[in-house]
Amino acid sequence: MDMKIEEKIAAVVAESIWQVSGQQIDPASIVLQKTRKDFAGDLTLVVFPFVKALKRSPEQTAEFLGETLVKRIIEVEGYNVVKGFLNMVLTSGFWLEFLAGEAGNDRFGYAGEEQGPHKTGNEKKPVVVEFSSPNTNKPLHLGHIRNNLFGYAVSLLLERTGNKVVKVNLVNDRGIHICKSMLAWMKFGRGETPESTGKKGDKLVGDYYVIFEIKLRRQVAVLMAEKGLSEEEARKEAPLMQEAQSLLRRWEARDPEVLTVWKQMNAWVYEGFNATYKRMGVAFDKTYYESDTYLLGREIVLEGLREGLFYKKEDGSVWAGLSEHNLNEKLLLRTDGTSVYMTQDIGTAQLRYDDFLPRKMIYVVGNEQNHHFNVLKKVLGKLGKPYADAIQHLSYGMVELPQGRMKSREGTVVDADDLMDEMVATAQKTTEELGKTQHFSEVEKKDLYHVIGMGALKYFILKVDPQKNMLFKPEESIDFNGNTGPFIQYTHARICSVLRKAVPERLKQALNSLDGMSLNEKEKQLLKSLYDFPDVVLEAATELSPAKVANYVYEVAREFNQFYHEYSILNEPDRGISDFRLLLSQLTATTIRNGMALLSIDVPERM
RNA sequence: GGCCCCGUAGUUCAACGGACAGAAUAGAAGUUUCCUAAACUUUAGAUACAGGUUCGAUUCCUGUCGGGGCUACCA
């Protein structure tokens, strides 16, 4: 493929300024953007940065560059100048050539094998993306949904732009939290199992975590009343908490009785998690368990201690001093020798590095842990680990409810399974009300409701800039009209309906009809938007922001609907125009499908 | 207290330092003998406040106010 039109223009601009003024301009100062809808033109160059070099007014600068560009680049057929903005008009031929070139390309927007990053040296090393990272003491909730969808979409974005990606999950299966669930089950569970209760495994274990907290709270209340302790002191001294800590020590000592219970309860949880992941449509290439990595972490910490990088306090606890980074000292091993989160993460990072020799390790973890990852990188740096700088904490914002953060203690947690159930149920209800599925089989219906319900949920989550906190209103947040997943899915289904009605041969032959075609405004606007797709994907991948894709695809769908409303495709009497519109519709469908696929959202052919 | 993030229509979200700040939803008014009305059209409505840098600031800097997070021998 030859040089992109944007590159040609930039090159001519830089060259002509150099010829006239003898000045090299900064390539970054050449700002080319889509012409805004209220002005005539296709591409706009902002000329303010060049007025000094050319010693002319903005208008004169724009005129000069406009004339030069029209002369030197055949695709530029005209221009107009508004203030300091040079609006260029590209030929219809240019747009039609683009359409002809991409028509029928199912991978439109994705990097071809040859287009990926240069497969040499560092670039061929994989990127490891960690996401999900659940604890085994409670079921997945709305926060995990954002994490999973975000992490999975980022992985897809990197993959489709030519990177080798390894998706990993890190299950936090050890530590005080799971001991709490275990203890409650051992003391109060009377041998309950998922089978005996009919509960999903992760739900059952989560229930015992709640039971622990309830019983603990009672003990704390008693201690506060009888001994006059503060809540904090009472929590520490409460027998249940003591027992949980003792359980953790027995676990780390590999007490067989404890290990048996632990394995059993975790197995229940994994079964539950896997069902949820499957439904959500996310998958991993490898799953790490912290029970497998914390010992390595402890080893590394102890080695650091021997080398004098860390220090031990009188009570036996081990710390990293980080005052050189203006950070407080960080605990690495507790007084009783057990590991903390940081210890595990040190081991996990090492293992992951050894496994994949990645050029980058991305951790998709909420922004509440910004500090933690900052410290992790510093500690690994102190240890002289080569991968300390390869770690990137891809931090994202919280999902909030109208009453604020989700709090498991206050029972405001939105359960992932429940939410997905609701979405699918709403999809079914809405679809039935519209009477659209009379001719669907039962299997097709079930499939469609799942696709629409999940599409609504996923789009709602992913369209928001990941850096920002987002608000979820249980009763009204997820709509099926407007800027939503189902709107986009519907647009796709509409296009498929048209394409089905066309004779298949027509699409192949249609390419011959394009010569000399002139485009109306809506057609051109839609085609211009489609032209942007590959750049949007690249930008989204660079910024690790699936939201860019989501908002873009919506824009395309909206433009198609406007075009569709105003013009006929199959009923257009002029065969050439009809053919062109078919190709335009087909590429729109491909763009929607490929864009939504980056968000792990399926698009139905009928709905 | 210290450090970090965020303040855009009633509400939920957009906007590489670029033109008159875009959508959706809720509100008002319309469109279907025609390829799927989950659509389309019209209408009204916003950059928290005060300075600064710049030809140009929602965007960058400073301060004020408001919201959130972190600052654990929790994860």
Side-chain angles (χ1 to χ4, degrees), chain A residues 28 31-33 35-39 44 46 48-49 51-52 58 82-85 87 133 135 137 172 175-177 232 236 245 290 313 315-319 326-328 330-336 338-342 344-345 365-372 374 395 397-398 400 404-405 427 430-431 433-434 436 452 456 460 463-465 467-473 476-477 479-491 493-502 539 543 547-548 550-551 554-555 557-558 560-562 564-572 581 585 606-607:
Chain A
V31 179
L32 266 174
Q33 55 199 221
T35 301
R36 293 181 65 119
K37 292 194 175 80
D38 8 272
F39 299 92
T44 295
V46 183
F48 289 109
V51 298
K52 267 185 195 155
V82 181
K83 291 193 254 178
F85 298 88
N87 302 316
S133 323
N135 292 347
N137 61 325
N172 191 354
I176 192 72
H177 57 280
E232 200 180 328
K236 265 185 204 165
Q245 266 151 2
E290 292 199 338
K313 290 194 178 175
D315 59 13
S317 54
V318 178
W319 299 75
N326 277 326
L327 293 169
N328 288 330
K330 181 69 198 175
L331 177 83
L332 299 176
L333 288 174
R334 293 192 185 99
T335 305
D336 63 8
T338 57
S339 301
V340 292
Y341 190 38
M342 188 61 68
Q344 309 171 160
D345 265 5
V365 179
N367 62 16
E368 58 194 348
Q369 292 192 33
N370 288 355
H371 178 69
H372 171 80
N374 191 16
S395 151
M398 304 282 97
E400 285 169 355
R405 267 190 102 159
T430 308
T431 308
E433 277 169 8
L434 291 168
K436 299 229 176 187
I452 297 174
F460 173 78
K463 76 171 177 181
V464 181
D465 179 343
Q467 302 305 322
K468 293 190 176 173
N469 289 356
M470 63 182 294
L471 184 71
F472 179 80
K473 294 187 185 177
E476 49 183 292
S477 260
D479 208 337
F480 286 63
N481 299 318
N483 186 357
T484 66
F487 168 87
I488 297 167
Q489 291 172 320
Y490 172 72
T491 307
R494 253 182 162 183
I495 298 173
C496 288
S497 173
V498 172
L499 295 178
R500 268 196 304 274
K501 292 192 168 99
E539 188 191 341
E543 294 178 20
K548 301 268 181 210
N551 287 304
Y554 168 67
E555 175 83 19
R558 207 161 48 88
F560 180 83
N561 278 316
Q562 289 166 6
Y564 178 89
H565 184 261
E566 204 166 329
Y567 300 100
S568 280
I569 299 164
L570 296 171
N571 298 333
E572 163 60 44
R581 289 182 184 162
S585 302
R606 293 191 298 152
M607 73 182 270

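Sequence lines set the chain letters: A, B, ... in the order given, protein chains first and strands last, and positions in each chain run from 1.
When the side-chain nitrogen and oxygen atoms of K501(A) are compared with OP1 and OP2 of U36(B), one or more of them lie within a distance under 4.0 Å. The phosphate of C73(B) has neither OP1 nor OP2 within less than 4.0 Å of any side-chain N or O from S317(A). The phosphate of A38(B) has OP1 or OP2 within less than 4.0 Å of a side-chain N or O from K436(A). Proximity of K83(A) to the phosphate of C20(B): a side-chain N or O atom is located under 4.0 Å from OP1 or OP2. Within the structure, every side-chain polar atom (N or O) of R581(A) is placed at least 4.0 Å from both OP1 and OP2 of C35(B). Within the structure, a side-chain polar atom (N or O) of Q562(A) is placed less than 4.0 Å from OP1 or OP2 of U41(B). Within the structure, every side-chain polar atom (N or O) of K37(A) is placed at least 4.0 Å from both OP1 and OP2 of G22(B). Between R494(A) and A37(B), a side-chain N or O to OP1/OP2 separation shorter than 4.0 Å is present.
Residues N481(A) and L32(A) each lie close to RNA chain B; by heavy-atom proximity, the contact nearer the 5' end of the strand is made by L32(A). Projected onto RNA chain B by closest heavy-atom contact, R405(A) and H177(A) fall at different nucleotides, the more 5' of which corresponds to R405(A).
When distances run from any side-chain atom of E400(A) to the nucleotides G68(B), U36(B), C70(B), the shortest one goes to G68(B). Which of A38(B), U36(B), C70(B) sits closest to the side chain of S497(A) comes down to U36(B). Listed nucleotides: A19(B), C55(B), C73(B). Nearest to the side chain of T335(A): C73(B). The side chain of R36(A) sits closest to A21(B) out of A21(B), A15(B), A38(B). For N370(A), the side-chain atoms get nearest to C4(B) when compared with the rest of C35(B), C73(B), C4(B).
At a threshold of 4.0 angstrom between heavy atoms, the contacts of I176(A) are confined to the sugar-phosphate backbone, with no base atom among them. Across all strands shown, L570(A) has heavy atoms under 4.0 Å from base atoms, whether or not it also approaches the sugar-phosphate. Using a 4.0 Å heavy-atom criterion, one finds that N328(A) contacts the sugar-phosphate atoms exclusively. Residue F480(A) is in base contact, counting any heavy-atom pair closer than 4.0 Å across all strands shown. At a threshold of 4.0 angstrom between heavy atoms, the contacts of M607(A) include nucleobase atoms, whether or not backbone atoms are also involved. Here A493(A) lies in heavy-atom contact (under 4.0 Å) with a base. Here F472(A) lies out of heavy-atom contact (under 4.0 Å) with every strand. Heavy atoms of V464(A) sit under 4.0 angstrom from primed sugar atoms or phosphate atoms, though from no base atom. Residue contacts shown for F39(A) include a base, since a base heavy atom lies under 4.0 Å away. Note on N87(A): a base of the nucleic acid sits closer than 4.0 angstrom, heavy atoms only. Within 4.0 Å of K313(A), counting heavy atoms only, lies no atom of the nucleic acid at all. Residue contacts shown for D336(A) are absent, as no nucleic acid heavy atom lies under 4.0 Å away. Heavy atoms of T491(A) sit nowhere under 4.0 angstrom from any nucleic acid atom. Residue contacts shown for T338(A) are absent, as no nucleic acid heavy atom lies under 4.0 Å away.
Following rounding to the nearest Å, R558(A) (CZ) and G22(B) (C1') show an atom-to-atom distance of 8 Å. Nucleotide A26(B) holds its C1' atom 10 Å from the NZ atom of K473(A), rounded to whole Å. A straight line from CG of D479(A) to C1' of A26(B) spans 11 Å, rounded to a whole angstrom. Rounded to whole angstrom, the span from the CG atom of L471(A) across to the P atom of U25(B) amounts to 18 Å. Spacing between atom CD of E555(A) and atom P of A14(B) amounts to 15 Å, rounded to whole angstrom units. The NZ-P distance, from K468(A) to U58(B), rounds to 15 Å in whole Å. Put simply, NE2 on H565(A) is 9 Å from P on U32(B), counting in whole angstrom units. We find that OH of Y564(A) is positioned 7 Å from P of C35(B), with the value rounded to whole Å.
Using a 30° and 60° split on the angle between ring planes, F48(A) and F85(A) fall in the perpendicular class, above 60°.
Using a distance-only test at 3.5 Å, with no hydrogens or angles considered, no donor-acceptor pair links the side chain of S497(A) to the main chain of A493(A). Between the N551(A) side chain and the K463(A) main chain, a donor and an acceptor come within less than 3.5 Å of each other. Put simply, the side chain of R334(A) never gets that close to the backbone of V340(A): no donor and acceptor are under 3.5 Å apart. Remark: the backbone N or O of N137(A) is not paired with any side-chain donor or acceptor of N135(A) at under 3.5 angstrom. N469(A) places no side-chain N or O within 3.5 Å of a backbone atom of G397(A) that could act as its donor or acceptor partner. Without hydrogens or angle criteria, S317(A) side chain to K313(A) main chain gives no donor-acceptor distance under 3.5 Å.
As rounded to the nearest Å, C61(B) and U53(B) have P atoms that lie 15 Å from one another. Remark: the separation of the C1' atoms in U41(B) and G56(B) is 35 Å, to the nearest Å. Taking atom P on both A46(B) and G10(B), the two are 7 Å apart, rounded to the nearest angstrom. If you take atom C1' in C13(B) and the same atom in G7(B), they sit 14 Å apart, rounded to whole Å. Straight-line distance between the C1' atoms of A15(B) and U58(B): roughly 8 Å, to the nearest whole Å. A gap of 10 Å separates the P atoms of C49(B) and A9(B), to the nearest Å. Here, A23(B) and A19(B) have their P atoms 14 Å apart, quoted to the whole Å. G2(B) and U62(B) have their P atoms separated by 16 Å, with the value rounded to a whole Å.
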(request) Could you provide the dot-bracket string of RNA chain B, using ( ) for intrastrand pairs, [ ] for crossing pairs and | for bases paired to another strand, with Watson-Crick or G-U pairs below 3.5 Å? (result) (((((((..((((....[...)))).(((((.......)))))....(((((..]....))))))))))))....
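Annotation for K52(A): atom NZ does not count as buried by contact number, only 12 or fewer foreign heavy atoms lying within 6.0 Å. Residue E232(A) places its CD atom among 12 or fewer non-hydrogen atoms of other residues, nucleotides or ligands, all under 6.0 Å distant.
Taking both residues in full, the closest heavy atoms of M607(A) and K436(A) are given as O-CD, 3.6 Å, listed atom of the first, atom of the second, then distance. Of all non-hydrogen atoms in S339(A) and L333(A), the two that sit nearest each other are OG-CD2, 4.0 Å.
Judged by distance alone, the side chains of S395(A) and N370(A) do bring a donor and an acceptor atom under 3.5 Å apart.
Between F487(A) and A38(B), no base-stacking contact is recorded for ring centres under 5.5 Å apart and planes less than 30° from parallel. Stacking is found between F85(A) and the pyrimidine-like six-membered ring of the A19(B) base under the 5.5 Å centre-distance and 30° plane-angle cut-offs.
Checked by distance alone, S568(A) brings no side-chain donor or acceptor within 3.5 Å of a matching partner on the base of C34(B).
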